[in-house]
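Order of the sequence lines sets the chain letters (A, B, ...), proteins ahead of strands, with each chain counted from 1.
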Amino acid sequence: MQRLGSLHHHFFLGSRKPLLNPCPFYSFISICTFSYSPDSTEVIYDNLLKSCDGLAFLKQIHSVLTTTSLIDKSPHLGAQIIIKYAQFGDPNSARALFDHINIHGDKPSSFLWNTMIRAYANGGHCFETLQLYSVMHRAGISPNNYTFPFIFKVCASNSLILLGKVAHGDALKTGFDSDLYVEAALVDMYAKGDQFCDGRKIFDEMSMKDLVCWTAMITAYEQAEKPEEALILFQKMQQEGLLADSVTIVSVASAIGRLGDAKRAQSVHCYAIRHLFLEEICVANSVIAMHAKCGDMDKACLVFDMMDERNSISWNSLLSGYTQNGKASEALLLFDEMRDSGCEPNPVTALIMVAACAYLGSSHLGRKFHDFILDSKMKVDMNLWNALMDMYAKCGDLETAVEIFSGIHPSERDVCSWNVLISGYGMHGYGKEALKLFSRMQEEGVEPNHITFTSILSACSHAGLVDEGRKCFRDMTKSVTPEMKHYACMVDMLGRAGLLQEAFDLIKEMPAPPNDSVWGALLLACKIHGNMELGKIAANNLFQLEPNHTGYYVLMSNIYAASNRWQEVGKLRQDMKNKGLKKPAAFSVIEYGSEIHGFHTADHENPYWQEVYRKVESLTIEMKLAGYIPDLSCALHDVEEEDKEHILNYHSEKLAVAFGILMINSGMAIRVTKNLRVCNDCHLAFKYISCIYGRRIIVRDANRFHHFQGGSCSCKDYW
DNA sequence: GTAGGGTTAG
């Protein structure tokens, strides 16, 4: 009513004494109606509508216009009210008015039809938009350059390209296809509908392209995961003399984020600062996400901290940045900060946090978030169910993952749901079950994608199902072109099985030069099977491709050490030193109630370290009595045998398991997560411990799960 | 004479 007050004052201009009416609005309306000519009345209501900022007020104006029949006399006012209803998210009231005009007033003009179509389209009411479009045709009203953009828009956002094509035909027939707005909408629709060529063709043939068209095309490439093309187009646009605005920058920043190109990220950031775009929340959000994807959380935080106003997307961008960069604990802290700030977590926030729990391997935290999601009554869509399944599987609780999967109606499950479960079975070593699921999925008519094949090949690899894996790979090549990651899975599978030559032959047959993951798989296999010659070939390729990746130096030096080639070990260590590379510290965590306890190799940081060390020593004696012989090859240092055994005893995973034996109730499984691969000697020791103490020990290492029980491991010593 | 297009987290 504040704005009305100012209008009130303005229009009165002292012509009448203010009435002693409890409702100034009605007195004002009645005065307007009786004191002015129809034209000026329309102007006044038009101004009133323009200043109207709430649904209740709008309904008041609407009802006055209805009772005075003005609504039937002024198509302009009718349209304004329809626009306002749409703005306030009430398309049904808009439609009721439209129908009223259609019956009681003059037949609606094409302007009014467009207004109504726009109301539906902007509110995301796809069906109603298209239905009204067809009713419009039947009513003999011809669509125009204001109609088509909205029709294409709903077709684009609802993947109704066929319907869009029909409307495109209408545009061609009526000659509106060469309107700049219509063309931009067409580019957008075809590009979003995976019909790049059609979109690009229209774009290329446009006689005049404005910034919006360029941006639509750039955005389309970015959304289709073609960031390189998006940036090439962006460059071309600049060469044509067009200056990027904030919308363009949002898409360009996303494209750079996808590429992880830190250098270009910096220059876009500067551009956004220079043009004051960073003050817009959309731009700041996309710049945060861009830096995060480039691995620069400091810059992402800087932008976030400088924002005057943040929305849930700002928080989610930073949260997801932390998770993507392996800083899950920071994400947990930020989540609390988000809630303290009064920003309510939404389903995307939940998705990110569930992924953070999966990364940490903490089923305790994961459950807490699951409860939080259920308590908050937020809508759990299929993406979130899939993330929850993935989290449970990665936290070692495959049973709950399967339970969730079974609870989802078969028609609701998407390809990702199946992929999550297949890879869950795979990482727990249940290759046969993964294969069964793979068949079941296809029987139920769900088409496998490239991720399904990665999951199934990796499941075969972990379970040593070489023949089945080979068959899947062959079948796969019939429907999809194998990508680098599929070759990496195959090399991994063949290599682990000791078929090193076959793995190497496959590499040589690859249509494109192998990347680091392919050579890395071969190097790992060479380490497992002690093949120095092939190992050297793999390592040399890796040192070229990824000269700063510590893991490959460590693997190769392990191969040398296992053969007592201490000179080569020393040389590699020197190389690492010269490059300033450090071997990542082994780290294991174990959950104890709601506490998380971490252990480094031979550290004294844990408050219980003395008890834990004593337990490790007594465990060693008990195991030796049962026949355990330490696997000294795992202590890859050039030291005396006795010292080697000492080093082995204090590996982080052994400390964590000893802690578990000491603290965790005997009926419960001991769950340990390690950042690197579990060592051979620890693996052997846990088999003994599981037998002597009758305990279930579940270890998640960098690669997969190991379930130790009754003296054996679910990986059947194959990992 | 009244109206319109391209945008960020997963």
Roughly how many Å is it from [atom1] in [X] to [atom2] in [N], rounded to a whole number?
X	N	atom1	atom2	result
A/His291	B/dT8	NE2	C1'	14 Å
A/Met378	B/dG10	CE	P	16 Å
A/Ile313	B/dA9	CD1	C1'	6 Å
A/Met391	B/dG10	CE	C1'	16 Å
A/Ile218	B/dT8	CD1	P	13 Å
A/Asn316	B/dT8	CG	P	14 Å

With a 3.5 Å cut-off and just heavy-atom distances, do the side chain of A/Asn346 and the base of B/dA9 make a donor-acceptor pair?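 Pair found.
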Going by atom type alone, with no hydrogens or angles, which donor-acceptor pairs under 3.5 Å involve a side-chain atom of residues 330-345 of chain A and a protein atom two or more places apart or on another chain?
{"from": "A/Ser341", "atom 1": "OG", "to": "A/Met338", "atom 2": "O", "distance (Å)": "2.7"}
{"from": "A/Ser341", "atom 1": "OG", "to": "A/Cys343", "atom 2": "N", "distance (Å)": "3.4"}

Test: A/Lys209 cationic atom under 6.0 Å from A/Phe203 six-membered ring centre, within 45° of axis: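 Verdict for A/Phe203: a cation-pi partner in A/Lys209.
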Can A/Arg310 be said to sit on top of A/Phe304's aromatic six-ring, NZ or CZ under 6.0 Å from centre and within 45° of the ring axis?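 Yes, a cation-pi geometry holds between A/Arg310 and A/Phe304.
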Beyond-backbone contact of A/Asp90 with A/Lys59, side-chain heavy atoms, under 4.5 angstrom: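 When only atoms from C-beta onward are counted, A/Lys59 and A/Asp90 do touch, with a gap below 4.5 Å.
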Along nucleotides 2-7 of chain B, 5' to 3', which nucleotides get a B, which get an S, and which get a -, given that the test is a protein heavy-atom distance under 4.0 Å? BBBBBB
Determine whether the aromatic ring centres of A/Phe196 and A/Tyr221 lie less than 6.0 Å apart.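 They qualify: ring centres under 6.0 Å apart.
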List the atom pairs, with distances to 0.1 Å, where a side-chain N or O of residues 319-326 of chain A and a protein N or O form a donor-acceptor pair under 3.5 Å, not counting sequence neighbours.
{"from": "A/Ser320", "atom 1": "OG", "to": "A/Gln324", "atom 2": "NE2", "distance (Å)": "3.0"}
{"from": "A/Thr323", "atom 1": "OG1", "to": "A/Leu319", "atom 2": "O", "distance (Å)": "3.0"}
{"from": "A/Asn325", "atom 1": "ND2", "to": "A/Ala292", "atom 2": "O", "distance (Å)": "3.0"}
{"from": "A/Asn325", "atom 1": "ND2", "to": "A/Gly321", "atom 2": "O", "distance (Å)": "2.8"}

